[in-house]
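All remarks here apply to the structure that follows.
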There are 2 protein chains.
Amino acid sequence: MTQRKTPPTINQVAAAAGVTKSSVSRAFTRPEMLSAETVRKIFVAAEQLGYVPNHTARALSTGRHGNLALIVPDVANPFFPPLIRAAQSEADRFDYCVFLGNSDENPQQEDKLIGRFAGQVEGFVLASSRLGDEQIVAHAARRPVVLINRDVEGIPRVLIDSGTGVAEAVAHLAALGHKKLVYVGGPHGSWSNKQRRGAVRRSARELGLEVSVISNEFAAFESGRKITASVLATGATAAIAFDDLTAQGMLAELADLGVSVPSDFAVVGCDDVLGAATYPSLTTVSNRSVEAGKAALSLLIDILQNQAIRDVRYVLKTNLVIRKTTGPAKG
Amino acid sequence: MTQRKTPPTINQVAAAAGVTKSSVSRAFTRPEMLSAETVRKIFVAAEQLGYVPNHTARALSTGRHGNLALIVPDVANPFFPPLIRAAQSEADRFDYCVFLGNSDENPQQEDKLIGRFAGQVEGFVLASSRLGDEQIVAHAARRPVVLINRDVEGIPRVLIDSGTGVAEAVAHLAALGHKKLVYVGGPHGSWSNKQRRGAVRRSARELGLEVSVISNEFAAFESGRKITASVLATGATAAIAFDDLTAQGMLAELADLGVSVPSDFAVVGCDDVLGAATYPSLTTVSNRSVEAGKAALSLLIDILQNQAIRDVRYVLKTNLVIRKTTGPAKG
DNA sequence: GCTTGACATGCAACCGGTTGCATTAAATAG
DNA sequence: CTATTTAATGCAACCGGTTGCATGTCAAGC
C-alpha cells in the first residue's frame, strides 16, 4: 500500500511565492487586481508545486459548486444516452460537472437521488420525471430545476412534440396512395403514446384515411414481432408504430413472412433511436432528444448565471425522416 | 423572480436546541457519544428547521466527499449504458453519488475531465480508457482508480475477456466448414480490439484456418457498411467483427449487395448489445458489461473503505451466443 | 512640498461543518 | 466523605479557500 501525498494548499503556494494567500486566491480568480509581476511569481510557484485550487473549499465559501445533476428514468433506454451525451457536452462548455442519476422509473428513488445531490449541485435537469407535480414544484422552490418531457406550469421545461412528425408521416403515406393505416400502440400510461395515437387519428380523418389501432403494451423488438400478424390481418397497407423498437421487430417478422418492405407493406417508426441501422433503413419520426438535452442544460445554466427564474416552455417540433421502409401503396 | 431562502445551518439548529454546534454535529455523526435526551432535542430542532448537513462543508473538513466518477468514451455507444446503470445502482447501495464523464474517445478530453472531477471525488472508474499507461498510473498515484477493459499492471482492473467467446466463435465457424475468415477491427487504442484480434489469430492457427485482418478505426454501423466490400474481396466465407454495430452495418450492406446471410456469408458480432434485434438475428459474443460495471464499482468502494490499494485483476469470461447469421460454409 | 487618489497587497472574518482536548457534573471506588 | 473515573458537552482550532476593508506606496495635482 502506497501513501498518497496530500495536494499542496494555497498557503504553501503563498509561502513559496512570498505573498499572502489572498494574493494567491486573487491570482486565480481576479488576476487583473494584481500586478503582472506578482501574478507571474504566483503562477510559477503554483506550477512548481502542482497546485490546483481546492474545488470543495471554493464551493464552501462561494456557494457555487459548478455541479449539476441530470436524472433520467433509465440510462439503458436508448432514448436517453444521446440526450445525456448532449447535456454533458453542453455542461462541459461551461465547465460544469454533471452527476447522473438513474431513477429506475421509481418516484421514491428519484426523490432520494435529488436529496443526495441537493447539497452539492446548483441545479437539476429532470428528464421524463416520474415525480408528482407537487414534488417537482417543491424541489424547484429550493434549487433551479429544468424539466424535459414534463409539462408543469411555472417550471422551465423542454418538450418534444411528436405530434407534428406523426402528422407528417400520415400525410406522407397518404401522398403515396395508402388508404388504410394501422397505429401500433405503446405503454398504456405513456403521455407520448396518447399524443401519437391522437395525432394519427386526427390527421387520418383530415385526409380521409381509414385507421385502426392495435394496442401493444410493451414497446420492444419481440412484441413488435408478435403483433405483426394482427397488423397484417387488418388489411392495412401501412403501419405507424409507437417506437422504433416495435417497428424493428415488425420488420424482422415481415421479412420472415416473406412480405417485402416497402413494396408490399410500409412501416414507420417513432423516436429515431436506431438511426439508419435497420434493414431496410427505417422511416421514422425524429426524436430531437439531443436538442432537448442541450436546450435543457443551457436553459439551466442561463438561469444559474442570471439568477432569474423564468417560466419557459420550449417546444421542439419533430418531423418525418424518410428512409426506406415507406413507398407507394401496392396496386 | 422568487428569492430562494438559504438553508438552515448547524448553528441555527444548535441555538434552537440550546446546545453548541459540536453537539449537533455529533448528533448526526456519532450519536452514541451524546445522551439520548440531547440527541432527541437536536433532532426535533433539526426536523423543525428542515436542517440537512451541508455536504460541502463536511467534505472540506473530513476529506470524504462521498462522490465517485465514472468516465466512458461514449455514453451513446450501446455497450456503455447498461454498464453505467449497473455501476450507478451499486454506488447507490453505498450512498455514493456518481459523476459521469464522456471523453468522446479523446485522451485530452479524458484528462481534462479527470482534472475537473479530481477535487471532489474519492475515486475513479475509467471504462475503456483512451489514456496512455503512464497517465493512468499518474492519476492512480493521486486517487484510487479502477479500470474496466484496460490492463495496466498494479492498477485494479476488471477485464471482460472476449477471447474465450471469440475462440468459441472461431471453433464454431470451423465446425461449420469455414476455411477462411476475416477479422474486422476496431479503434486503434482499444485493448479489447487487440485482445479480440489476437484470439482470432490464435484459434485460427490452432484449427488450421486462414485469417485476414481488416482495420477499421471507427466502430459503427456506417463504417461496417463501408468496409464490407473489402471484406468480401478477401475471399473469406465468414467474418468476425470487432463489435455488433460494425456487424450490423455489414449485414445491411450484404443485403444490399444481394449476398445472403448465412447461406452465402457468415457474420459474427461481439458484445451482444443488440440482442436479437438485427435481421437475421446476430450470432455474437456475450458482453457481461453489467457485471463489469458492478464489479468495478464495488472494487472501488472496497478500496476506499479499507484504505488499501490492492493489485486486483478480475477477469470475466465470455461465450458465444449462436443466433442466425452463421451457418454451414458454402459449397 | 503637501495632499489626494489610485493601485497593489495584507489582514482577518467567514463559509459550515468536524474533532482533539478541556471542563464539568455525576457515578463509582476506597 | 473525599478521590478517581467516566460520561456528556463545550471550546477553539482547523479544513482551504474568498472577500470587504485597512494599510501602505507611489505618482499626479495644486
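Just so you know, these numbers use all the heavy atoms, side chains as well, and skip hydrogens, waters and symmetry mates.
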Within the 4.0 Å heavy-atom criterion, would you say L34(A) contacts the bases, only the backbone, or no part of the nucleic acid?
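Touches sugar-phosphate only.
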
Return the angle between end axes of the helix from dG1(C)-dC30(D) to dG30(C)-dC1(D), with five pairs used per end and rounding to 10°.
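Overall, the helix from dG1(C)-dC30(D) to dG30(C)-dC1(D) bends by 50° from one end axis to the other.
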
Closer than 4.0 angstrom, basic N to acidic O: yes or no for [X] and [Y]?
X	Y	result
D161(A)	R288(A)	no
E291(A)	K294(A)	no
R143(B)	E122(B)	no

Between [atom2] on [N] and [atom1] on [X], what's the gap in Å once rounded to a whole number?
X	N	atom1	atom2	result
N11(B)	dG17(C)	CG	C1'	9 Å
L49(A)	dG17(D)	CG	P	12 Å
K21(A)	dA13(C)	NZ	P	12 Å
H55(B)	dG17(C)	NE2	C1'	12 Å
Q12(A)	dC15(D)	CD	P	10 Å
H65(B)	dG16(C)	NE2	P	18 Å
N54(A)	dT18(D)	CG	P	9 Å
R40(A)	dA8(C)	CZ	P	16 Å

Would one find a side-chain N or O of S61(A) under 4.0 angstrom from OP1 or OP2 of dG17(D)?
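Result: no.
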
Report the residues that fulfil side chain to side chain contact (heavy atoms under 4.5 Å, CB included) with [X], sequence neighbours left out, ordered by chain and then residue number.
X	result
V273(B)	P78(B), F79(B), D244(B), D271(B), N287(B)
V290(B)	P82(B), A86(B)
P7(B)	none

Suppose the criterion is side-chain hydrogen bond (donor to acceptor under 3.5 Å, both in side chains): which pairs have a residue in residues 7-24 of chain B, not counting sequence neighbours?
none

With side-chain hydrogen bond (donor to acceptor under 3.5 Å, both in side chains) as the rule and sequence neighbours excluded, what pairs involving residues 32-55 of chain B come up?
Q120(A)-H55(B), S35(B)-T38(B), E37(B)-R40(B)

Got a sec? Which of residues 111-120 of chain B come in under 4.0 Å of DNA chain C, heavy atoms?
none

Contacting residues from residues 23-33 of chain A, given that a heavy atom lies under 4.0 angstrom of DNA chain C
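Correct list: S23(A), R26(A), M33(A).
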
If the condition is side-chain hydrogen bond (donor to acceptor under 3.5 Å, both in side chains), which residues does R58(B) pass it with, not counting sequence neighbours?
none

Candidate nucleotides [options], ranked by approach to the side chain of [X] - the nearest:
X	options	value
A57(A)	dG16(D), dG10(D), dG16(C)	dG16(D)
T38(B)	dC11(C), dT18(D), dA8(D)	dA8(D)
S35(A)	dT9(C), dG17(C), dG17(D)	dT9(C)

Test of understanding: with ring-ring contact (aromatic ring centres under 6.0 Å, His included), list the residues that count as partners of F99(A), not counting sequence neighbours.
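Result, ring-ring contact (aromatic ring centres under 6.0 Å, His included) vs F99(A): F117(A), F99(B).
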
Going by the rule salt bridge (Lys or Arg N to Asp or Glu O under 4.0 Å), which residues pair with R116(B) if we only count those two or more places apart in sequence or in a different chain?
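Salt bridge (Lys or Arg N to Asp or Glu O under 4.0 Å) list for R116(B), sorted by chain: D92(A), D95(A).
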
Go nucleotide by nucleotide along DNA chain C from the 5' end; which of R58(B) and V39(A) gets its closest nucleotide reached first?
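Result of the comparison: V39(A).
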
Which pairs count as salt bridge (Lys or Arg N to Asp or Glu O under 4.0 Å) when at least one residue sits in residues 65-83 of chain A, sequence neighbours excluded?
D74(A)-R85(B)

Under the 3.5 Å rule, do the base of dC11(D) and the side chain of S22(B) count as making a donor-acceptor pair?
yes

